[in-house]
> 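First the structure, then my questions, so here it is.
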Amino acid sequence: MEKAIDRQRVLLQHLRPSPSSSPNGSHLISASVCAAGDSAAYQRNSCFGDDVVVVAAYRTAICKSKRGGFKDTYPEELLTAVLKALLDKTNLNPNQVGDIVVGTVLAPGAQRATECRMAAFYAGFPETVPVRTVNRQCSSGLQAVADVASAIKAGFYDTGIGAGLESMTTNSMSWDGSINPKVNAFQQAQDCLLPMGITSENVAHRYGVTRQEQDQAAVNSHRKAAAATAAGKFKEEIIPVTTKIVDPKTGEEKQVTISVDDGIRPETSISSLAKLKPVFKKDGSTTAGNSSQVSDGAGAVLLMRRDVAMQNGFPILGVFRSFAAVGVDPAVMGVGPAVAIPAAVKSAGLQIEDIDLFEINEAFASQFVYCCKKLELDATKVNVNGGALALGHPLGATGARSVSTLLNEMKRRGKDCRFGVISMCIGTGMGAAAVFERGDATDGLTNARRLQSHNLLSKDAIS
């Protein structure tokens with residue numbers, strides 16, 4: 001109650017005529033900082049030095065597994081490239097990093113953890129910088145970023161790296177050992193074992209997503225990704241990787257530099273996709289053409305406390321505002337973003353309408369189409385540079401890749417693009433989402449759009 005009374009007092013103070021008011025009363029309201037806090041649910045403290053900000057975000061190109069540019073590349077070499085880029089392009093002192101967290105899915109845990117530690121050494125980090133891995137399946141890269149942001153917010157350290165890595169050439173999707181027969185008594189546990197393609201078919205059937213809608217989503221993804229590539233939009237985020245390609249017939253090695261996503265097919269059309277047969281179900285609608293590609297790639301995101309970044313002269317690409325992971329029915333795991341996005345947006349004190357750009361992982365066209373329709377998203381705001389249907393989906397790397405893609409696009413759009421969301425579905429029935437704010441969009445006083453006219457409502461922010 002005391003807080004409410006104090007807020008009323010402050011607001012009434014705002015409404016008092018200022019000494020410079022003109023006689024005709026044309027300037028009855030004076031602008032000043034609201035000591036009671038922002039009027040919107042979305043709040044920050046007045047100094048906001050404890051904001052967690054993204055200083056830099058890079059990725060490798062995404063290549064087709066077993067056939068693409070990284071088919072003969074060791075997984076740790078991909079991670080090395082993006083970690084080294086963070087040091088080289090920002091002039092960061094590696095001793096300043098409190099932790100490196102790497103999202104990764106398919107490789108055996110102990111082996112991949114060791115490979116990531118080796119990659120840190122290859123990139124130039126000293127032995128004093130720790131490394132760990134995290135696995136929340138398809139959201140692992142985003143989970144790594146969220147884990148680092150949480151640690152910074154908690155005060156464990158003020159600088160950290162969230163990364164993602166997957167080589168689906170090296171590690172395929174498989175199950176080791178026998179399955180516990182207890183699973184037969186729990187339907188949801190059984191559904192955790194469903195092939196991802198079957199869950200896609202379940203989404204299409206349960207929610208009425210047509211084959212035509214799915215194929216159109218794939219065409220759109222390839223066209224947008226091809227246009228973005230032609231316009232050079234990915235050059236800021238992709239780190240060229242010099243590696244080798246081995247001729248499978250002769251064994252001859254050739255040195256190459258990979259700097260372009262190689263899964264994009266600009267010629268993709270509805271007619272060409274219509275010729276493809278369903279892969280997972282005889283009378284189904286999920287095909288190789290409207291499913292994400294199996295891919296290799298890596299990404300890395302450098303995060304800091306805002307005050308540390310400013311003191312050291314680092315640019316601020318974006319601000320980490322919120323994160324949410326949710327559970328959904330494993331049989332339709334693809335609906336995860338439709339639940340996770342509202343949760344993350346609400347946590348940031350925003351509404352869906354406040355979000356200017358969305359990066360939603362296109363694991364399957366069925367679930368992507370469903371989520372967009374369920375949330376009634378403006379198609380012009382979603383995956384504007386294409387998505388996984390065209391680029392590919394290296395499981396552990398997708399979240400980190402998406403941070404780079406989203407924030408660079410927000411930077412290009414400038415003041416007309418303030419908030420962005422990244423989201424993906426997760427195998428076994430989950431979803432994850434995070435809200436980011438454009439780096440140069442904030443200041444100490446404001447968080448609301450400018451009013452066209454004064455209507456005496458409490459709007460203590462102008463932007």
Side-chain angles (χ1 to χ4, degrees), residues 59-65 67-68 70 103 105-106 136-142 164-168 173 196-197 199-200 203 209 213-229 233-234 237-238 260-266 268 273 279 286-299 333-338 340-341 357-372 377 379 382-406 409 421-427 431-434:
R59 67 175 179 95
T60 66
I62 301 174
C63 296
K64 295 175 287 188
S65 73
R67 296 178 294 130
F70 294 139
V105 179
L106 297 178
R136 200 196 286 270
Q137 306 215 50
C138 298
S139 71
S140 297
L142 185 61
L165 167 66
E166 207 70 57
S167 172
M168 300 181 80
M173 300 180 71
M196 293 298 96
T199 70
S200 171
V203 170
V209 182
E213 288 178 304
Q214 294 174 62
D215 286 353
Q216 187 62 60
V219 169
N220 293 343
S221 186
H222 281 282
R223 286 179 178 172
K224 289 187 285 188
T229 300
K233 288 188 175 182
F234 294 141
E237 60 191 73
I238 293 179
V260 179
D261 305 310
D262 66 16
I264 304 169
R265 299 187 299 274
T268 300
L273 293 180
V279 177
T286 300
T287 71
N290 58 36
S291 304
S292 61
Q293 301 177 47
V294 180
S295 310
D296 307 329
M333 66 92 201
V335 306
I341 290 174
L357 279 181
F358 294 86
E359 279 288 328
I360 301 177
N361 188 45
E362 300 166 349
F364 296 94
S366 61
Q367 57 83 211
F368 172 72
V369 170
Y370 166 76
C371 291
C372 291
L377 302 183
V382 183
N383 294 4
V384 296
N385 295 315
L389 293 171
L391 299 172
H393 176 28
L395 307 182
T398 287
R401 188 280 297 174
S402 297
V403 174
S404 182
T405 302
L406 175 72
E409 181 61 28
V421 162
I422 294 169
S423 186
M424 63 281 293
C425 59
I426 304 170

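FYI, side chains are in, hydrogens and waters are out, and symmetry mates aren't considered; it's all heavy atoms of this structure.
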> With a 4.5 Å cut-off on side-chain heavy atoms, are I62 and F70 touching?
no
> Nearest heavy-atom pair of A340 and S423: which atoms, and what distance?
CB-OG, 4.3 Å
> For side-chain contact (heavy atoms from CB on, under 4.5 Å), just list the numbers for V384 and F358, CA-CA rounded to whole Å, side-chain angles, deciding distance to a tenth of an Å, and then say yes or no.
CA-CA 8 Å; V384 296; F358 294 86; over 6 Å; no
> Does the side chain of H393 pick up a donor-acceptor pair with the side chain of T398 at under 3.5 Å?
yes
> Taking only residues two or more places apart in sequence or in another chain, which ones pass side-chain contact (heavy atoms from CB on, under 4.5 Å) with T286?
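Applying side-chain contact (heavy atoms from CB on, under 4.5 Å) to T286 gives S200, E201, Q214, F280, N290, S291, F364.
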> If you look at every heavy atom in I426 and Q137, which pair is closest and at what distance?
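Where I426 meets Q137 most closely, the heavy atoms are CG2-CB, 3.7 Å.
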> Taking side-chain contact (heavy atoms from CB on, under 4.5 Å) as the test, write out the residues that go with V219, two or more places apart.
Q216, R223, T268, I270, L273
> Could you list the residues that satisfy side-chain hydrogen bond (donor to acceptor under 3.5 Å, both in side chains) with S221, not counting sequence neighbours?
E362
> If only atom types and distance count, is the side chain of D261 paired as donor or acceptor with the main-chain N or O of L391 below 3.5 Å?
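Flag not set: sc D261 to bb L391 has no pair under 3.5 Å.
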> Please report the shortest heavy-atom distance between S292 and L389, naming the atom on each side.
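Taking S292 first and L389 second, the nearest heavy atoms are N-CD2, 3.7 Å.
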> Kindly write out the residues that satisfy side-chain hydrogen bond (donor to acceptor under 3.5 Å, both in side chains) with E409, not counting sequence neighbours, or none if the list is empty.
N385, R412, R413
> Please find the pair of heavy atoms, one from C372 and one from I360, that lie closest to each other, and give the distance.
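Minimum heavy-atom separation between C372 and I360: SG-CD1, 4.4 Å.
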> Run the ring pair (Phe, Tyr, Trp, His ring centres under 6.0 Å) test against Y370 and tell me which residues pass, sequence neighbours left out.
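Here the qualifying residues are Y207.
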> What verdict does the side-chain contact (heavy atoms from CB on, under 4.5 Å) test give for L106 and M168, after you've listed the backbone C-alpha separation in whole Å, the side-chain angles of each residue and the deciding distance to 0.1 Å?
CA-CA 8 Å; L106 297 178; M168 300 181 80; 4.0 Å; yes
> If you round to the nearest 0.5 Å, how far is CD1 of I264 from NZ of K64?
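The NZ atom of K64 sits 10.5 Å away from the CD1 atom of I264.
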> With A397, which residues qualify under side-chain contact (heavy atoms from CB on, under 4.5 Å), at least two apart?
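A397 satisfies side-chain contact (heavy atoms from CB on, under 4.5 Å) with P394 once adjacent residues are dropped.
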> Using the side-chain hydrogen bond (donor to acceptor under 3.5 Å, both in side chains) criterion, which residues pair with S402? Sequence neighbours excluded.
none
> To the nearest 0.5 Å, tell me how far R67 CZ sits from D262 CG.
8.5 Å
> Measure across I238 and A61 and return the closest heavy-atom pair with its distance rounded to 0.1 Å.
CG2-N, 3.7 Å
> Is the closest side-chain heavy-atom distance between F234 and V260 below 4.5 Å?
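Sidechains of V260 and F234: no contact.
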> Whether the side chain of Q293 engages the backbone of G263 through a donor-acceptor N/O pair (distance < 3.5 Å, no angle test) should be reported.
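Flag set: sc Q293 to bb G263 pair under 3.5 Å.
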> Using side-chain contact (heavy atoms from CB on, under 4.5 Å), reason through F368 and V382 one step at a time and then give a plain yes or no.
CA-CA 10 Å; F368 172 72; V382 183; 3.7 Å; yes
> Distance-only, no hydrogens or angles: does the T60 side chain make a donor-acceptor pair with backbone N or O of A298 under 3.5 Å?
yes
> Spell out, as yes or no, whether a donor-acceptor pair under 3.5 Å connects the side chain of S140 to the backbone of G103.
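No, because the side chain of S140 does not come within donor-acceptor range (under 3.5 Å) of the backbone of G103.
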> Any salt bridge (Lys or Arg N to Asp or Glu O under 4.0 Å) involving residues 393-405? Give me the pairs, sequence neighbours left out, ordered by first then second residue.
E359-R401
> List the residues meeting side-chain contact (heavy atoms from CB on, under 4.5 Å) with S404, not counting sequence neighbours, and say none if there are none.
A57, E237, N408
> Contact between P337 and C425 at the side-chain level, heavy atoms closer than 4.5 Å - yes or no?
yes
> Does the S366 side chain pair with the main chain of V203, one donor and one acceptor, at a distance under 3.5 Å?
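Here the side-chain-to-backbone pair does not exist.
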> Which distance, rounded to the nearest 0.5 Å, do you find between the CG of D296 and the SG of C63?
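Here the interatomic distance stands at 7.0 Å.
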> Please list, chain by chain and in numerical order, all residues satisfying salt bridge (Lys or Arg N to Asp or Glu O under 4.0 Å) with E166, sequence neighbours excluded.
none
> Which atom pair, heavy atoms only, marks the closest approach of A225 to A390?
CB-CB, 3.8 Å
